[in-house]
Every structure is written in C-alpha cells, then in structure tokens.
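For reference, the structure discussed in these notes is given below.
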Amino acid sequence: DVFEPLFLNYSVDLVLSGHVHAYERNAPMFNNQPDPKELDNPAFPWYITNGAAGHYDGLDTLDRPLQNYSRYAQDTAYGWSRLSFHNSTHLTQDFVASGNGSVLDSATLYKAHATSGDGYGNGHHGRPSWPAWPHGGPSAAGGWK
C-alpha cells in the first residue's frame with residue numbers, strides 16, 4: 001500500500017526483495033493485478049522475491065495454490081539471482097541453483113526507454129496509459145480511477 005504507488009509513479013522496472021526464504025517470480029503487476037503485457041514492455045513493475053540463498057532453518061514452504069500473478073516459484077533448492085543487462089531495453093533474471101549452478105528459472109524483461117530526458121518519474125518513461133484496465137486503471141495516488 002505504501003511503496004506500490006511510488007514504484008509506479010517513478011517508473012520502477014524491477015523490484016527485488018528477499019526475507020521469504022524461497023524463490024518466486026511474479027508478473028509485472030499493480031494492485032495484485034498482472035500487467036496484460038506480461039514482460040513485453042509492461043506499465044507495471046516486475047517483482048521477484050529471492051531469499052533462497054540460505055537460512056539456518058532451511059527454506060520456507062510457499063503457500064499453495066499460488067496467486068494469479070505468480071509465474072514461477074520453488075521452495076526446494078537454494079539459489080541466487082543473476083541479472084544480465086543485455087542493452088538499454090532487455091534484462092534477463094536467472095535463478096541459479098547453488099548446488100550445481102544450473103539455471104532453474106529464467107525470464108527476460110523488455111522495456112522501451114526514451115533516449116531523451118523527456119518523460120515523467122525518472123525521465124526514462126512516458127506516463128503509462130491504461131486502456132486495458134477497467135475503470136481507467138490505477139491512479140498515481142493508489143487505487144483505481
């Protein structure tokens with residue numbers, strides 16, 4: 001409730017978090033609603049939780065069934081995230097197993113970025129439009145218009 005409007009207002013592309021001792025990659029979303037564009041130039045931030053690097057009590061057990069915005073989740077292998085910035089528009093996040101280095105999950109985000117300083121927020125994005133969202137979509141203050 002507190003951070004989500006800020007992420008949207010300042011055009012945050014990716015939110016990485018931990019604390020939960022498991023791994024989950026979600027769709028870009030706002031107000032628990034996945035962006036219909038998924039990872040193809042979404043208007044909403046992409047969320048990845050990776051706290052699977054280790055914990056003295058082992059990994060946490062994820063609640064199932066998973067939410068409608070979850071795209072991949074696992075709570076059986078220790079691992080870490082590798083970010084590969086290919087260029088100004090493409091970023092790949094891999095979940096890499098600590099035990100053998102294999103990639104257990106991989107996804108690539110495409111975001112169009114203006115080359116000028118014009119835009120809003122951090123100056124790299126135009127204000128999103130919400131034609132696919134009911135009632136006009138989320139407002140900058142939070143909630144739906």
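In what follows, every heavy atom counts, from backbone to side chain, and hydrogens, waters and symmetry copies are set aside. For this chain, numbers begin at 1 and follow the sequence in order.
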Point to revise | Residues in side-chain hydrogen bond (donor to acceptor under 3.5 Å, both in side chains) contact with Thr49, at least two apart in sequence or another chain | key: Ser17

Check your understanding: Can you name the side-chain hydrogen bond (donor to acceptor under 3.5 Å, both in side chains) partners of Thr108, sequence neighbours left out?
Key -> Thr92

Point to revise | Set of residues satisfying side-chain hydrogen bond (donor to acceptor under 3.5 Å, both in side chains) with respect to Asp1, sequence neighbours excluded | key: none

**Study point:** Remaining members of hydrophobic cluster (4.5 Å side-chain criterion), Trp46
**Key:** Leu14, Leu16, Tyr23, Leu39, Ile48, Tyr72, Leu83, Phe85, Leu91, Phe95, Leu104, Leu109

Check your understanding: Between Ala52 and Leu59, which heavy-atom pair has the shortest distance, and what is it?
Key -> CA-CD2, 3.7 Å

Side chains of residues 61-70: which donor-acceptor partners sit under 3.5 Å, not counting sequence neighbours?
{"from": "Ser70", "atom 1": "OG", "to": "Glu24", "atom 2": "OE2", "distance (Å)": "2.7"}

**Study point:** His86 NE2: over 12 foreign heavy atoms closer than 6.0 Å
**Key:** yes

Check your understanding: Do the non-hydrogen side-chain atoms of Lys111 and Pro42 ever get within less than 4.5 Å of each other?
Key -> yes

Check your understanding: Relative to each other, are the rings of Phe7 and Phe3 parallel, tilted or perpendicular (30° and 60° limits)?
Key -> parallel

Review point. Considering residues at least two apart in sequence or located in another chain, which fulfil the side-chain hydrogen bond (donor to acceptor under 3.5 Å, both in side chains) criterion with Asn26?
Key: none

Check your understanding: Quick one: salt bridge (Lys or Arg N to Asp or Glu O under 4.0 Å) pairs with a partner in residues 85-101, sequence neighbours left out?
Key -> Arg82-Asp94

Exercise for review: State which residues pass side-chain contact (heavy atoms from CB on, under 4.5 Å) with Tyr110; sequence neighbours excluded, sorted by chain then number.
Suggested key: Asp40, Asn41, Thr89, His90, Ala112

